[in-house]
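This is a predicted model, so every value here is computed, not measured. Basis for what follows: all heavy atoms, side chains included, without hydrogens, waters or symmetry-related copies.
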Amino acid sequence: CFSAVPAAKLDKTSWSAIMSKFQVLSELFGNFPQLFDNFKEMEEIVLSYPKLRDRVGIKEEEREKALKNLKEIRAELSLPFLKTFEKFLDASLSQLYDGINFNDNGHNLKELSKKNNIVLVPNHQSHADYVAINYVYFKKYQSPLFVAGGNNLNIFPIGPLFRRSGCFFIRRTFANDILYKLTLEAYLYYMLVKGNPIEFFFEGGRSRTGKLLPPRFGLYQMLIEAHA
């Protein structure tokens with residue numbers, strides 16, 4: 001389980017210091033090489049997913065659309081960037097929160113991931129959730145989490161920052177775009193094949209009241225299909 005304990009209200013000096021560090025980080029993110037993901041291999045595995053392969057067939061136009069969808073979706077994780085982001089959060093989160101509680105109930109999730117697919121499904125009450133959970137997971141296991149985020153977050157500068165940190169972006173609605181749905185499912189298939197730990201919020205969005213919301217089963221279903 002996870003929870004963050006809010007700190008006392010920040011004064012203007014502390015907040016300015018955090019924003020100054022964030023500005024430096026946002027200016028640097030474009031200079032880090034993308035060392036983690038092999039995008040060529042990713043494309044090959046995604047296009048080999050049986051349902052997408054059958055849909056695309058030999059149609060070059062469909063293939064190009066699928067690759068365009070993949071580029072829109074995929075995380076572009078950079079471990080050097082992630083380590084830099086970790087240092088930024090080391091300095092910042094201590095000013096925002098009095099503590100972060102993370103309980104893995106005695107399980108070493110990194111060890112479990114060597115023989116199993118790990119999927120974390122927390123509830124979503126705050127924008128701090130995906131930042132703090134990924135930060136604690138990386139700090140504890142020195143392994144990134146790949147978290148599903150709504151494409152409304154894919155805006156400058158946070159979009160590139162999150163993408164480099166392991167976030168992959170999903171459209172809010174795509175029921176009528178079968179090729180997009182199959183590309184997303186194929187990307188989840190790629191993640192499972194590579195053994196990457198995945199995180200998504202079962203409510204499909206943030207709870208603005210702090211209460212649990214009914215689950216949405218779209219990503220559940222896609223993961224089951226991709227794992228089959």
Side-chain angles (χ1 to χ4, degrees), residues 1-2 4 34 36-37 39 42-43 45-46 49 51-52 66-78 81-82 85 102 109 112-113 116-138 141 143-175 177-208 212-228:
C1 65
F2 157 84
Q34 299 165 348
F36 192 85
D37 277 322
F39 295 135
M42 179 191 296
E43 290 176 3
I45 294 175
V46 165
Y49 181 58
K51 290 166 68 175
L52 182 61
L67 291 178
K68 184 177 179 181
N69 288 338
L70 176 61
K71 188 174 182 179
E72 176 187 331
I73 294 167
R74 72 188 183 194
E76 297 179 356
L77 182 68
S78 167
F81 172 76
L82 196 55
F85 201 19
F102 182 85
L109 298 182
L112 281 175
S113 69
N116 305 274
N117 290 117
I118 301 294
V119 181
L120 302 184
V121 192
N123 70 301
H124 192 10
Q125 298 183 5
S126 161
H127 283 307
D129 296 336
Y130 35 78
V131 175
I133 294 174
N134 288 26
Y135 166 74
V136 172
Y137 189 93
F138 183 75
Y141 301 116
S143 174
L145 272 173
F146 291 82
V147 56
N151 66 351
N152 60 303
L153 295 174
N154 189 19
I155 55 175
F156 185 86
I158 61 172
L161 291 172
F162 286 165
R163 196 184 291 273
R164 290 291 181 89
S165 303
C167 182
F168 59 99
F169 293 104
I170 301 175
R171 295 176 190 172
R172 287 298 184 182
T173 58
F174 49 86
D177 192 337
I178 301 301
L179 186 61
Y180 179 89
K181 178 181 181 296
L182 291 178
T183 307
L184 174 56
E185 199 171 290
Y187 180 70
L188 295 174
Y189 168 76
Y190 160 80
M191 300 283 276
L192 295 173
V193 168
K194 298 297 290 183
N196 294 333
I198 300 169
E199 176 193 353
F200 69 93
F201 299 99
F202 67 82
E203 295 142 311
R206 181 166 53 96
S207 169
R208 299 181 185 279
L212 295 179
L213 299 177
R216 297 182 179 180
F217 296 104
L219 275 181
Y220 282 108
Q221 185 63 38
M222 288 186 183
L223 278 166
I224 291 170
E225 288 288 333
H227 192 269

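- Just one residue in the list Tyr190, Tyr180, Tyr49 forms a side chain to side chain donor-acceptor pair (under 3.5 Å) with Glu185, and that residue is Tyr49.
- Atom CG of Asn116 sits about 10.5 Å away from atom CG of Leu109, to the nearest 0.5 Å.
- The line from SG of Cys167 to CD of Glu199 is 9.5 Å long, rounded to the nearest 0.5 Å.
- Here Phe169 pairs with nothing under the ring pair (Phe, Tyr, Trp, His ring centres under 6.0 Å) rule; sequence neighbours left out.
- Between Lys71 atom NZ and Glu43 atom CD the span is 9.5 Å, to the nearest 0.5 Å.
- Between Ala75 and Phe146, the closest heavy-atom pair is CB-CD2, 4.0 Å.
- For Phe138, there are no ring pair (Phe, Tyr, Trp, His ring centres under 6.0 Å) partners, not counting sequence neighbours.
- Atom CD in Glu72 sits 10.5 Å away from atom CD1 in Ile170 (nearest 0.5 Å).
- Residues that satisfy the side-chain contact (heavy atoms from CB on, under 4.5 Å) test with Thr183, not counting sequence neighbours, are Leu52, Ala66, Asn69, Leu70, Ile73, Leu179.
- By the side-chain contact (heavy atoms from CB on, under 4.5 Å) test, Lys68 is found to be paired with no residue, residues two or more places apart in sequence or in another chain being considered.
- Nearest approach of Gly166 to Leu77, heavy atoms of both residues: N-CD1, 3.7 Å.
- Residue Ile198 is tested with Leu223, Leu120, Val121 for a side chain to side chain contact (heavy atoms under 4.5 Å, CB included); the sole match is Leu223.
- With sequence neighbours excluded, no residue forms a side chain to side chain donor-acceptor pair (under 3.5 Å) with Tyr137.
- Between Pro144 and Leu82, the closest side-chain pair of non-hydrogen atoms falls below 4.5 Å.
- Among pairs with a residue in residues 219-228, those fulfilling salt bridge (Lys or Arg N to Asp or Glu O under 4.0 Å) read Lys51-Glu225, at least two apart in sequence or across chains.
- Between Lys194 and Ile45, the closest side-chain pair of non-hydrogen atoms falls below 4.5 Å.
- Distance check, rounded to the nearest 0.5 Å: CG of Leu182 to CZ of Phe174 gives 10.0 Å.
- By the 4.5 Å heavy-atom criterion applied to side chains, Pro122 and Ile133 are counted as neighbours.
- Here the CG atom belonging to Asn117 is positioned 10.5 Å from the CE atom belonging to Met191, to the nearest 0.5 angstrom.
- Here Asp177 pairs with Arg171 under the side chain to side chain donor-acceptor pair (under 3.5 Å) rule; sequence neighbours left out.
- Listed here is the closest heavy atom pair of Arg172 and Asn151: N-OD1, 3.9 Å.
- Seen from the ring of Phe85, Arg164 does not count as a face-on cation partner, given the 6.0 Å and 45° thresholds.
- Residues satisfying the side chain to side chain donor-acceptor pair (under 3.5 Å) criterion with Tyr135, sequence neighbours excluded, are Asp90.
- Here salt bridge (Lys or Arg N to Asp or Glu O under 4.0 Å) pairs that include residues 149-158, with residues two or more places apart or in two chains, number zero.
- Residues that satisfy the side chain to side chain donor-acceptor pair (under 3.5 Å) test with Tyr220, not counting sequence neighbours, are absent from this structure.
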